[in-house]
Amino acid sequence: MAEARERTFIMVKPDGVQRGLVGKIIKRFESKGFKLVALKFTWPSEELLKKHYADLATKPFFPGLVKYMSSGPVVPMVWEGLNVVKTGRVMLGATNPADSAPGTIRGDLCIQVGRNIIHGSDSVESAKKEIGLWFTEKEVINWKPANEGWVYED
């Protein structure tokens, strides 16, 4: 089963941090059964954010996005589990909270796309890139929780 597990990059944005939603978001991923393997509390530089959002550099909203994301602390995390990238995106809900189903993070906790509280990798490839931008290899911890046998079948 270990070969089917993957990692994703999830980041609570400045609005989520300011609203005190970090714990609620972590709880959702833990309750689902995913394993937290890296976490930090940081105030990102515009340089880091420009690298992170490089694929959006040509979009008209890019300068505002970088300015907003560097306006306060964020909580970047790495989560591990079976199909965690795809499942994580479902848990987040649509980018626009107005299109997000109730029960999703954005559907339950936010209203506008410019304050959608959380980022999640959209593919395994982008997850690897994003994890590498935000964390060193030593900061991502390989460990086995005691409840793993109760989350995954052998």
Side-chain angles (χ1 to χ4, degrees), residues 1-45 48-49 51-53 55-56 65 68-154:
M1 157 97 52
E3 69 279 0
R5 294 189 199 170
E6 60 194 27
R7 289 178 174 169
T8 194
F9 178 81
I10 300 291
M11 177 170 50
V12 181
K13 295 179 178 181
D15 54 321
V17 172
Q18 292 291 337
R19 292 179 55 202
L21 299 174
V22 174
K24 283 185 180 196
I25 291 166
I26 290 172
K27 183 174 179 61
R28 286 185 183 226
F29 280 85
E30 284 183 328
S31 295
K32 182 72 174 176
F34 292 130
K35 178 172 66 173
L36 182 63
V37 295
L39 174 138
K40 62 173 76 167
F41 185 72
T42 186
W43 197 314
S45 67
L48 174 59
L49 292 163
K51 288 178 187 172
H52 179 85
Y53 288 112
D55 59 319
L56 303 175
L65 174 64
Y68 160 66
M69 287 297 296
S70 63
S71 69
V74 298
V75 179
M77 301 175 267
V78 181
W79 290 89
E80 184 177 286
L82 183 64
N83 300 315
V84 69
V85 173
K86 181 180 177 186
T87 304
R89 295 286 289 186
V90 171
M91 290 170 64
L92 267 56
T95 301
N96 185 345
D99 299 330
S100 295
T104 65
I105 291 169
R106 291 177 177 146
D108 290 350
L109 302 175
C110 45
I111 298 168
Q112 287 188 304
V113 70
R115 296 293 183 266
N116 67 4
I117 72 171
I118 194 164
H119 165 86
S121 299
D122 60 7
S123 69
V124 173
E125 296 76 34
S126 64
K128 287 178 182 173
K129 177 187 146 259
E130 292 170 349
I131 291 166
L133 271 175
W134 291 84
F135 293 94
T136 66
E137 201 173 308
K138 289 179 80 175
E139 291 175 314
V140 180
I141 308 301
N142 289 309
W143 68 288
K144 183 174 180 173
N147 71 350
E148 193 165 289
W150 296 104
V151 175
Y152 294 104
E153 298 174 30
D154 287 333

Please check this pair: side chain of [X] against backbone of [Y], looking for a donor-acceptor N/O pair closer than 3.5 Å.
X: K40; Y: W134; value: yes
X: S70; Y: S45; value: no
X: E80; Y: V37; value: no
X: S121; Y: F9; value: yes

Closest approach of [X] and [Y], non-hydrogen atoms and distance?
X: P97; Y: R106; result: CB-O, 3.8 Å
X: K13; Y: N116; result: NZ-OD1, 2.7 Å
X: F34; Y: L82; result: CE2-O, 3.6 Å
X: T104; Y: V90; result: CG2-O, 3.5 Å

For a ring-ring contact (aromatic ring centres under 6.0 Å, His included) check, start with the C-alpha distance between W79 and F29, then their side-chain angles and the critical distance, and finish with the verdict. CA-CA 8 Å; W79 290 89; F29 280 85; 5.3 Å; yes

Contact between [X] and [Y] at the side-chain level, heavy atoms closer than 4.5 Å - yes or no?
X: K35; Y: P145; answer: yes
X: L39; Y: I26; answer: yes
X: M69; Y: P14; answer: yes
X: I10; Y: L92; answer: yes

Can you pull out every side chain to side chain donor-acceptor pair (under 3.5 Å) where at least one residue sits in residues 14-32? Sequence neighbours excluded, please.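 Every side chain to side chain donor-acceptor pair (under 3.5 Å) pair that includes a residue of residues 14-32, provided the two are not neighbours, is D15-Y68, R28-D108.
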
With side chain to side chain contact (heavy atoms under 4.5 Å, CB included) as the criterion, how do L21 and V12 come out once you've worked through the C-alpha distance, each side chain's angles and the decisive distance to 0.1 Å? CA-CA 8 Å; L21 299 174; V12 181; 5.6 Å; no

Residues, nucleotides or ligands: over 12 heavy atoms within 6.0 Å of K128 NZ: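 At most 12 heavy atoms, drawn from other residues, nucleotides or ligands, come within 6.0 Å of this atom.
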
Could you tell me whether L56 atom CG has more than 12 heavy atoms of other residues or ligands within 6.0 Å of it?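 Counting other residues, nucleotides and ligands, CG of L56 exceeds 12 neighbours.
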
So OG1 of T95 and CD1 of I118: to nearest 0.5 Å the spacing works out to 11.5 Å

Nearest 0.5 Å, please: how far is CD1 in I117 from CD1 in I111? 11.0 Å

With E130, the side chain to side chain donor-acceptor pair (under 3.5 Å) member among K51, R7, H119: H119

